[in-house]
Amino acid sequence: RCLIDGRAGCGSRNQGEKEMQQPMNPDAAQQEMANQLSVKGSVLHAVLSKIICSEEIDAVLENALYEGLINQEEKHLMRKHIGLGIQDERVSAWFDGSGDVLNEAEIVLASGETKRPDRVIIYENKAVVVDYKFGTHEEEKKHRKQVGEYMEILSGMGYSPVEGYLWYLNTNKIMQV
């Protein structure tokens with residue numbers, strides 16, 4: 001389920017994961033990170049789309065650094081921000097490797113239209129759809145509708161029950177739909 005360059009990646013802990021699990025003061029660091037990350041939202045989105053489980057975070061960020069998508073400071077900032085999110089048990093479960101993860105998987109509807117949820121996790125007893133957002137909550141109604149559509153599609157594909165979430169990364173707010 002969790003592969004890094006074709007190798008199993010979720011079986012062992014590494015130093016990065018230990019750092020991620022240390023308690024942080026979310027309020028103090030969060031506003032600073034939110035301001036800085038708003039510029040890099042599309043890059044952080046791309047980073048998250050490559051992560052299957054939490055053990056892969058450091059490797060994916062290192063690859064983004066190597067590709068020139070981020071600099072060292074941005075790498076550290078993104079690592080810290082993802083770590084804040086993973087402190088929430090719901091988010092942690094999305095990255096624990098216990099389900100089959102589909103990142104940016106295209107779903108072709110009967111009409112020919114396509115939908116592409118950011119992250120779908122298929123567990124034995126449920127499916128979870130997660131949509132990452134980097135802006136403000138001003139369009140929350142629209143965002144909820146989008147995730148609701150994804151949930152209906154997955155239900156129509158035979159997954160039941162289906163849970164849906166919005167993860168506003170700039171504010172680290174997680175909302176169940």
Side-chain angles (χ1 to χ4, degrees), residues 1-106 116-123 128-137 143 146-147 150 164-175:
R1 285 183 200 169
C2 291
L3 298 176
I4 303 173
D5 299 326
R7 296 171 286 135
C10 290
S12 63
R13 290 184 169 280
N14 63 28
Q15 291 301 90
E17 187 178 34
K18 275 186 183 175
E19 175 187 283
M20 176 179 61
Q21 293 180 349
Q22 290 176 351
M24 295 182 204
N25 179 355
D27 295 332
Q30 206 161 318
Q31 186 57 44
E32 175 190 342
M33 285 192 279
N35 294 338
Q36 294 176 20
L37 284 173
S38 63
V39 176
K40 286 288 186 176
S42 62
V43 176
L44 183 54
H45 191 280
V47 164
L48 288 167
S49 76
K50 291 178 178 16
I51 298 170
I52 302 298
C53 60
S54 60
E55 285 84 357
E56 298 175 343
I57 294 170
D58 291 325
V60 170
L61 286 169
E62 189 64 34
N63 192 46
L65 177 68
Y66 177 77
E67 291 176 358
L69 299 173
I70 57 175
N71 61 35
Q72 192 68 37
E73 182 181 338
E74 292 163 336
K75 175 188 165 196
H76 178 71
L77 183 69
M78 287 182 184
R79 180 67 175 93
K80 203 169 170 185
H81 196 69
I82 293 169
L84 280 173
I86 289 184
Q87 287 182 3
D88 183 292
E89 63 186 38
R90 295 169 294 185
V91 177
S92 179
W94 304 336
F95 293 91
D96 69 3
S98 66
D100 293 323
V101 174
L102 304 167
N103 281 330
E104 300 288 334
E106 192 169 78
R116 190 184 305 239
D118 292 336
R119 186 177 189 90
V120 175
I121 309 107
I122 308 297
Y123 299 98
V128 175
V129 61
V130 180
D131 207 48
Y132 310 127
K133 297 299 180 189
F134 297 89
T136 64
H137 303 265
H143 298 159
Q146 179 184 19
V147 172
Y150 295 153
Y165 295 90
L166 289 163
W167 182 9
Y168 288 91
L169 281 107
N170 286 355
T171 59
N172 200 34
K173 184 172 183 180
I174 298 114
M175 302 172 69

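Numbers here simply count residues along the sequence, with the first being 1.
In this structure Glu89 satisfies the side-chain hydrogen bond (donor to acceptor under 3.5 Å, both in side chains) test with no other residue, sequence neighbours excluded. In this structure, the side-chain hydrogen bond (donor to acceptor under 3.5 Å, both in side chains) partners of Lys133, at least two apart in sequence or on a different chain, are Asp131, Gln146. Legend: residues meeting side-chain hydrogen bond (donor to acceptor under 3.5 Å, both in side chains) with Glu106, ordered by chain and number and at least two apart, are Arg116.
From Leu77, atom CG reaches atom CD1 of Ile82 across 10.0 Å, with rounding to the nearest 0.5 Å. Here the straight-line distance linking atom CG of Leu102 with atom CG of Asp118 works out to 12.5 Å at 0.5 Å rounding. Distance check: Cys53 SG to Ile121 CD1 gives 12.0 Å after rounding to the nearest 0.5 Å. For the atom pair CD of Glu62 and CD of Glu67, the computed distance is 11.0 Å after rounding to the nearest 0.5 Å. Going from atom CD of Gln72 over to atom CG of Leu65 covers 5.0 Å, rounded to the nearest 0.5 Å. Note that CG of Leu169 is 10.0 Å distant from CE of Met78, once rounded to the nearest 0.5 Å.
Side-chain atoms of Glu74 come within 3.5 Å of backbone atoms of Asn71 as a donor-acceptor pair (strictly under, hydrogens ignored).
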For Val130 and Tyr150, run side-chain contact (heavy atoms from CB on, under 4.5 Å): C-alpha distance rounded to whole Å, both residues' side-chain angles, the deciding distance at 0.1 Å, then the answer.
CA-CA 9 Å; Val130 180; Tyr150 295 153; over 6 Å; no

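Here the closest non-hydrogen pair linking Gly164 and Val147 is CA-CG1, 3.8 Å. In terms of heavy-atom proximity, Val101 sits nearest to Trp94 at CG2-O, 4.4 Å. Of all heavy-atom pairs spanning Asp88 and Ile174, the tightest one is OD2-CD1, 3.7 Å. Leu61 approaches Ile70 most closely through the heavy-atom pair O-CD1, 3.7 Å. The minimum heavy-atom distance linking Pro117 with Ala105 is given by the pair CD-O, 3.5 Å. The shortest heavy-atom contact between Ser54 and Ile86 is CB-CD1, 4.2 Å.
Side-chain contact between Lys50 and Asn103 is absent, with no heavy-atom pair separated by less than 4.5 Å.
Classification of the Tyr132-Trp167 ring pair by plane angle, with boundaries at 30° and 60°, yields perpendicular.
A cation-pi arrangement is absent between Arg119 and Tyr165, since the terminal nitrogen or guanidinium carbon is not both under 6.0 Å from the aromatic centre and inside a 45° cone about the axis.
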